[in-house]
Amino acid sequence: MTTQTIKIVTATEVTGPANRRSQQRTTRRRTLGLLIAAGVLGASAHVPSLAQANTAQGRQEIRIGYQKYGTLTLLKGRGTLEQRLAGKNVTVKWTEFPAGPQLLEGLNVGSVDFGTVGEAPPIFAQAAGANLVYVGNEPPSPASEAIVVPKSSTVRSVADLKGKKIVLNKGSNVHYLLVKALEKAGVAYQDVQVIYLPPADARAAFERGSVDAWVIWDPFLAAAEKQIGARLLADGKGLVNNYQFYLAARPYAEKNRDTVRIVLEEIAKVDEWGAAHPKEVAAILSTQTGLQTDIVALAASRYAYGVKPITAGVLEQQQKVADAFANLKLIPKPIAVKDAQLGASQLARK
């Protein structure tokens, strides 16, 4: 079976400045079309410029992409960021995305300025030429993602997945979990059939029995366990870190470092609050996600709270993920993760 290759945006060779500008315009149009087709943006959507993002009458705006998990969902639910930024004449616009790759496509074409994703999406995005920067990360949370099988499945170990169909969201954090789990079990990546679907479609395929296993993260993982009795085959413990990263579009971060710093400060506050108030966290997440309280409580129990600045050690771990994908030809070219770092001094208080 041939190795499957993932490209978020096609990488092409650039031979000169004029060609580069043409390629960038083409890439932006192509990616916007993908977002519209996927329903992430409406058919009448356009890509705002940085100047347009800084809205009329002197008010500025930060556009934050989030998913159905984690601290950003709590931050949105509590409303404390809006209160803090109001004094700076900055408004907040929230946009939900089904997964990290789609969120970073939005960041790449200029529809969001800031967001959070797992380990793999920024690697795929950077390899495709996205101009993003890492600005912070949550501690490792390896239990928040797992490979699951139907409760009646005869598959009892990762080694039993050889020759089986496995569904996951392409370029997501769980992609690396599958790579490492197969490696530990002695199964070649080429010896499984990987099918790429977003979480909702993946669950439907899983419930129909069209696939043998599903690699997924919380709260979708918790929902599968609670609602359909999905059986955990292996989670990330001992295999992956599963960092959650905060990223920003480089032009936005460099021009609005004070706003980015404030967002990170408010994330740190809600992290501290969330760690001490699990029941309240579950209530907020239930309201924000539409999931039952027992589902989000299970997911939240596996969170790791405590946003930190990006360190050299974290970037080294992220480079290992990038190298693994490059070796498997899952990204179009090797990358240097450190090229997407925004220096801590750039976010320091003026």
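By convention here, the first residue in the shown sequence is residue 1. No hydrogens, no waters, no symmetry mates; every other heavy atom, side chains included, goes into these values. Everything numeric in this text was worked out from a predicted model, so none of it was measured.
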Practice task
Report the distance from atom CD of Gln341 to atom OG1 of Thr311, rounding to the nearest 0.5 Å.
Solution key: 8.5 Å
Exercise for the section: Just do the ring-ring contact (aromatic ring centres under 6.0 Å, His included) check on Phe124 and Phe325 with the steps written out, would you? Expected result: CA-CA 9 Å; Phe124 282 85; Phe325 287 137; 5.0 Å; yes
Handout entry: Under 3.5 Å donor-acceptor, Ser172 side chain and Ala99 backbone
Key = no
Handout entry: Close side-chain approach of Gln67 and Leu103, heavy atoms under 4.5 Å
Key = yes
Practice task
Return yes if a side-chain donor-acceptor contact under 3.5 Å exists between Asn173 and Glu145, otherwise no.
Solution key: yes
Exercise for the section: Evaluate the side-chain contact (heavy atoms from CB on, under 4.5 Å) criterion for residues Val92 and Leu85: first the C-alpha distance (whole Å), next the side-chain angles of each, then the deciding distance (0.1 Å), finally the verdict. Expected result: CA-CA 8 Å; Val92 182; Leu85 287 177; 3.7 Å; yes
Practice task
Treating Ile, Leu, Val, Met, Phe, Trp and Tyr as nodes and any side-chain heavy-atom pair under 4.5 angstrom as an edge, say whether Ile228 and Val296 lie in one connected cluster.
Solution key: yes
Handout entry: Glu272 atom CD: more than 12 heavy-atom contacts under 6.0 Å
Key = no
Problem - Tyr252 and Arg257, any side-chain heavy atoms less than 4.5 Å apart - result: no
Fill in the blank from the handout: Per side chain to side chain contact (heavy atoms under 4.5 Å, CB included), Leu177 is matched among Asp235, Val215, Ile216 by Val215
Handout entry: Backbone N/O of Ala336 and side chain of Gln126: donor-acceptor pair under 3.5 Å
Key = yes
Exercise for the section: Assess whether side-chain contact (heavy atoms from CB on, under 4.5 Å) is satisfied between Trp273 and Val281, documenting all intermediate values. Expected result: CA-CA 9 Å; Trp273 176 86; Val281 165; 3.8 Å; yes
Practice task
Output, in order, the C-alpha distance, side-chain angles, deciding distance and verdict of side-chain contact (heavy atoms from CB on, under 4.5 Å) for Arg231 and Val148.
Solution key: CA-CA 5 Å; Arg231 175 163 52 83; Val148 295; over 6 Å; no
Handout entry: Main-chain N/O of Thr289 paired with Lys68 side-chain donor or acceptor, under 3.5 Å
Key = yes
Practice task
Answer yes or no: are there more than 12 heavy-atom neighbours, outside Lys165 itself, under 6.0 Å from its atom NZ?
Solution key: no
Exercise for the section: Answer whether the closest heavy-atom distance between the side chains of Arg84 and Ile262 falls below 4.5 Å. Expected result: yes
Completion exercise
Separation between NZ (Lys269) and CG (Asp271), nearest 0.5 Å, reads 12.5 Å
Practice task
Classify the side-chain pair Tyr303/Gln244 by whether it contains a donor and acceptor separated by less than 3.5 Å.
Solution key: no
Exercise for the section: To the nearest 0.5 Å, tell me how far Ile64 CD1 sits from Leu107 CG. Expected result: 11.5 Å
Problem - Identified side chain to side chain contact (heavy atoms under 4.5 Å, CB included) partner of Asn241 from the options Lys320, Gln318, Glu119 - result: Glu119
Exercise for the section: Indicate yes or no for a side-chain donor-acceptor contact from Asn108 to the backbone of Leu104 under 3.5 Å, with no hydrogens or angles considered. Expected result: no
Handout entry: Check: Gln60 side chain, Val90 main-chain N or O, donor-acceptor pair, under 3.5 Å
Key = no
Problem - Minimum side-chain heavy-atom gap Val270-Arg78 below 4.5 Å - result: yes
Practice task
Start with the C-alpha distance between Val314 and Tyr134, add both sets of side-chain angles, then the distance that settles side-chain contact (heavy atoms from CB on, under 4.5 Å), and finish with yes or no.
Solution key: CA-CA 11 Å; Val314 169; Tyr134 294 82; over 6 Å; no
Problem - Non-hydrogen atoms of Gly77 and Ile284 that approach each other most closely - result: CA-CG2, 4.0 Å
Practice task
Might you point out which heavy atoms bring Val194 and Tyr189 nearest each other, and give the distance in Å?
Solution key: CG2-OH, 3.7 Å
Exercise for the section: State plainly whether one hydrophobic cluster holds both Val155 and Val158, where clusters connect Ile, Leu, Val, Met, Phe, Trp and Tyr through side-chain heavy atoms under 4.5 angstrom apart. Expected result: yes
Practice task
State, with a plain yes or no, whether a side-chain heavy atom of Asp201 is found less than 4.5 Å away from one of Val167.
Solution key: no
Exercise for the section: Anything under 30° is parallel, anything over 60° is perpendicular, the rest tilted; go ahead and classify Tyr246 against Phe114. Expected result: parallel
Practice task
Say whether, by atom type as modelled, one donor and one acceptor occur between the side chain of Glu138 and the main chain of Tyr305 under 3.5 angstrom.
Solution key: no
Problem - Exercise: do Asn242 and Ser141 side chains pair donor with acceptor under 3.5 Å - result: no
Practice task
Classify the ring geometry between Phe245 and Tyr243 as parallel (under 30°), tilted (30 to 60°) or perpendicular (over 60°).
Solution key: tilted
Problem - Minimum heavy-atom distance between Phe206 and Val211, given as atom pair plus value - result: CA-CG2, 3.7 Å
Exercise for the section: State, with a plain yes or no, whether a side-chain heavy atom of Val135 is found less than 4.5 Å away from one of Arg261. Expected result: no
Problem - Distance (rounded to the nearest 0.5 Å) between Asp113 CG and Ile62 CD1 - result: 6.0 Å
Practice task
Show your reasoning for whether salt bridge (charged side-chain N to carboxylate O under 4.0 Å, His left out) applies to Glu207 and Lys151.
Solution key: CA-CA 11 Å; Glu207 289 194 68; Lys151 58 184 177 182; over 6 Å; no
Problem - Gap separating the CG atom of Leu161 from the CG atom of Leu233, nearest 0.5 angstrom - result: 5.5 Å
Handout entry: Shortest non-hydrogen separation from Ala304 to Pro140 and the atoms involved
Key = CB-O, 3.2 Å
Handout entry: Any Tyr176 side-chain heavy atom under 4.5 Å of Ile123 side chain
Key = no
Exercise for the section: Kindly indicate whether the side chain of Leu285, heavy atoms from C-beta on, has any atom under 4.5 Å from the side chain of Leu74. Expected result: yes
Exercise for the section: Assess Arg203 against Trp214: is NZ or CZ under 6.0 Å from the centre of the six-membered ring, and within 45 degrees of the ring's axis? Expected result: no
Exercise for the section: Identify whether the distance between the nearest side-chain nitrogen and carboxylate oxygen of Glu61 and Lys88 falls below 4.0 Å. Expected result: no
Handout entry: Minimal non-hydrogen separation, Asp160 against Thr154, with atom names
Key = OD2-O, 4.3 Å
Handout entry: Between CG on residue Leu239 and NZ on residue Lys180, distance to nearest 0.5 Å
Key = 8.0 Å
Exercise for the section: Provide the closest heavy-atom pair for Pro334 versus Ala326 in the form atom of the first, atom of the second, distance. Expected result: CA-CB, 4.1 Å
Exercise for the section: Using only heavy-atom distances, determine whether the side chains of Lys76 and Gln288 contain a donor-acceptor pair under 3.5 Å. Expected result: yes
Practice task
Tell me whether Leu298 is reachable from Ile295 by hopping between hydrophobic residues (I, L, V, M, F, W, Y) whose side-chain heavy atoms are closer than 4.5 Å.
Solution key: no
